[in-house]
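Each remark here refers to the structure printed beneath this line.
From a predicted model like this one, the values you see are computed outputs, not experimental measurements.
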Amino acid sequence: QVQLVESGGGSVQTGGSLTLSCAASGYTYSSLRMGWFRQAPGKEREGVVGVYSAASGGISKFYADSVKGRFTVSQDVAKRTLYLQMNSLKPEDTAMYYCAADPTPGGRWYEANVYRFWGQGTQVTVSS
């Protein structure tokens with residue numbers, strides 16, 4: 001069973017920055033397919049970034065078009081933690097942000113139903 005705990009959300013003004021963290025436990029971290037999703041009130045949950053660590057050691061990162069150039073995903077395998085650095089935040093980035101993980105390869109990174117394990121979410125609010 002994978003446990004995920006997000007932190008780092010908060011309230012910032014337009015143009016501000018935040019870094020979200022997702023601490024994973026209960027599974028071999030390097031074997032997890034992970035992602036960040038967000039859900040704004042009245043909207044569907046959408047994929048923000050996806051990270052896939054291949055058995056060969058290569059890491060693939062995927063970004064939604066809406067955050068490319070502003071958000072950066074990184075991970076510290078030793079700390080079993082996934083990070084999301086968010087810069088140049090906009091009001092439309094306001095949402096609950098969720099960390100997701102699954103040990104099974106395959107599926108489209110931006111589809112929520114391919115991840116079995118989810119954190120409780122952390123709120124990001126960007127004011128204009």
Quick check: does any side chain N or O of [X] sit under 3.5 Å from a backbone N or O of [Y], one acting as donor and the other as acceptor?
X: Q39; Y: F37; value: no
X: W109; Y: G106; value: no
X: T122; Y: G9; value: yes
X: R33; Y: A100; value: no

Cluster overlap F117 with W36, hydrophobic side-chain contacts below 4.5 Å: yes
Shared hydrophobic cluster, V5 / Y115 (ILVMFWY, side-chain heavy atoms < 4.5 Å): no
Within the structure provided, determine whether [X] and [Y] are in side-chain contact (heavy-atom separation under 4.5 Å).
X: L4; Y: M34; value: yes
X: V73; Y: L82; value: yes
X: V48; Y: Y63; value: no
X: R70; Y: D93; value: yes

Side-chain donor-acceptor contact under 3.5 Å, [X] with [Y]:
X: T81; Y: D76; answer: no
X: R116; Y: T104; answer: yes
X: Q13; Y: S127; answer: no
X: Y97; Y: R38; answer: yes

Listed once per pair and sorted, the disulfide (SG to SG under 2.5 Å) pairs that draw on residues 90-128, sequence neighbours left out: C22-C99
N-O pairing of K68 and D65 below 4.0 Å: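 Salt bridge: yes.
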